[in-house]
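Here the structure comes first, spelled out in structure tokens, and everything after it is commentary.
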Amino acid sequence: MIIAVDGPTASGKGTIAKYLATHYRLKRLDTGALYRAVGLGVLDAGGEPGDEAAAVAAAKALDLGAIDENRIRSSTAGMAASKVAAIPAVRAVLLEAQRAFAADPQGAVLDGRDIGTVICPDADVKLFVTASLPARTERRLKELRARGETISFEQLQAQIAERDERDRNRAESPLYQASDAHLLDTTDLSIEASAEAACRIVDAAPARPRP
Ligand code: DC
């Protein structure tokens with residue numbers, strides 16, 4: 001079974017994808033981590049995330065097994081990720097690794113922005129997870145403060161809105177809800193309630209015949 005989980009930043013999609021992977025014993029790929037690692041790779045090399053040549057070089061050099069899970073969670077890495085993700089040549093480099101991951105006969109859960117629309121258009125179940133901008137800002141603020149980052153609610157909300165705008169309006173693989181994706185709004189849901197709602201959707205979904 002392939003489960004595609006898409007949605008904007010801090011919507012709860014990562015937490016839901018992790019829960020679904022454990023619950024259904026599937027492996028999981030957080031595709032946002034790939035873009036974050038590429039963005040950070042460009043910054044580490046002293047480059048600009050919007051510079052195509054630098055971003056493509058970082059994407060080609062990406063080692064999935066060597067991603068620093070702590071460093072990629074910073075707000076700086078998130079902003080850089082959103083910039084490299086708007087470059088079609090970067091997306092092309094990362095496409096094959098994501099498709100290869102999804103091709104595992106055991107199935108998989110992938111979460112990101114374009115999983116149900118571009119990476120796995122034939123996924124068995126597609127979820128589009130969302131939440132209001134203030135709710136997402138509040139969640140991300142807690143995460144960043146726990147990491148020791150000092151940023152105000154207003155600053156962070158403006159950053160998230162800017163990333164949303166870029167992710168939704170870019171020409172290549174923009175974020176949108178696939179026509180066959182189930183919408184899950186987590187604004188007023190706890191983590192447990194969100195995870196349970198996601199499981200109900202997956203359990204109710206008819207299995208798709210494999211080609
Ligand atoms: O989900 P996240 O915040 O970790 O994602 C970081 C950035 O990567 C986000 O701004 C958009 C981009 N991204 C993407 O374009 N496509 C994906 N499949 C996953 C993430």
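No hydrogens, no waters, no symmetry mates; every other heavy atom, side chains included, goes into these values. Each ligand, and each atom within it, is numbered from 1 in the order the structure gives.
- Enclosure of atom NZ in K27 by more than 12 non-hydrogen atoms of other residues, nucleotides or ligands within 6.0 angstrom is indicated.
- The number of heavy-atom neighbours closer than 6.0 Å to CG of D63, taken from other residues, nucleotides and ligands shown, is above 12.
- Any N or O atom pair closer than 3.5 Å counts here, and R163 shares at least one such pair with ligand 1.
- A distance of 9.0 Å separates CD in Q177 from OG1 in T130, rounded to the nearest 0.5 Å.
- Applying the 6.0 Å contact sphere to CG of L133 captures more than 12 heavy atoms from other residues, nucleotides or ligands.
- The distance from ligand 1 to the heavy atoms of K13 drops below 4.0 Å at these ligand atoms: 1 (O).
- Checked by atom type and distance alone, the side chain of D30 pairs as donor or acceptor with a backbone atom of A33 at under 3.5 Å.
- Here the protein heavy atom with the shortest distance to atom 7 (C) of ligand 1 is A81 CB, 3.6 Å.
- Residue-to-ligand polar distances place T9 within reach of ligand 1: an N/O pair is separated by less than 3.5 Å.
- A side-chain donor from one of T186 and R139 sits under 3.5 Å from a side-chain acceptor of the other.
- Atoms of ligand 1 found under 4.0 Å from any heavy atom of A85 (numbered from 1 in listed order, with element): 12 (C), 15 (O).
- In terms of protein heavy-atom proximity, atom 16 (N) of ligand 1 is closest to R91 NH2, 3.0 Å.
- Counted by atom type alone, D203 and Y24 present one or more donor-acceptor pairs between their side chains at under 3.5 Å.
- Of the polar atoms of T31, at least one N or O is found under 3.5 Å from an N or O of ligand 1, judged by distance alone.
- Checking only distances, Q98 never comes within under 3.5 Å of ligand 1, N or O to N or O.
- Protein heavy atom closest to atom 10 (O) of ligand 1, with residue, atom name and distance, is D167 OD2, 3.0 Å.
- The contact set between ligand 1 and S82, taken as ligand atoms under 4.0 Å from a residue heavy atom, comprises 10 (O).
- Salt-bridge formation is not detected for the pair D6/K126: no Lys NZ or Arg NE/NH1/NH2 atom is positioned less than 4.0 Å from an Asp or Glu carboxylate oxygen.
- Contacts of R170 with ligand 1, taken as heavy-atom pairs under 4.0 Å, involve the side chain alone.
- Between the side chains of T9 and R140, at least one donor-acceptor pair of N or O atoms lies under 3.5 Å.
- Under 4.0 Å from ligand 1, not a single heavy atom of R166 appears.
- The protein heavy-atom contact nearest to atom 4 (O) of ligand 1 is R36 NE, 2.6 Å.
- Remark: ligand 1 and R140 share no N or O pair separated by less than 3.5 Å (distance only, no angle test).
- Taking atom 1 (O) of ligand 1 as the reference point, the nearest protein heavy-atom neighbour is R113 NH1, 2.8 Å.
- Between S75 and E149, the side chains place a donor N or O and an acceptor N or O closer than 3.5 Å (distance only, hydrogens not considered).
- Taking atom 8 (O) of ligand 1 as the reference point, the nearest protein heavy-atom neighbour is Y35 CB, 3.4 Å.
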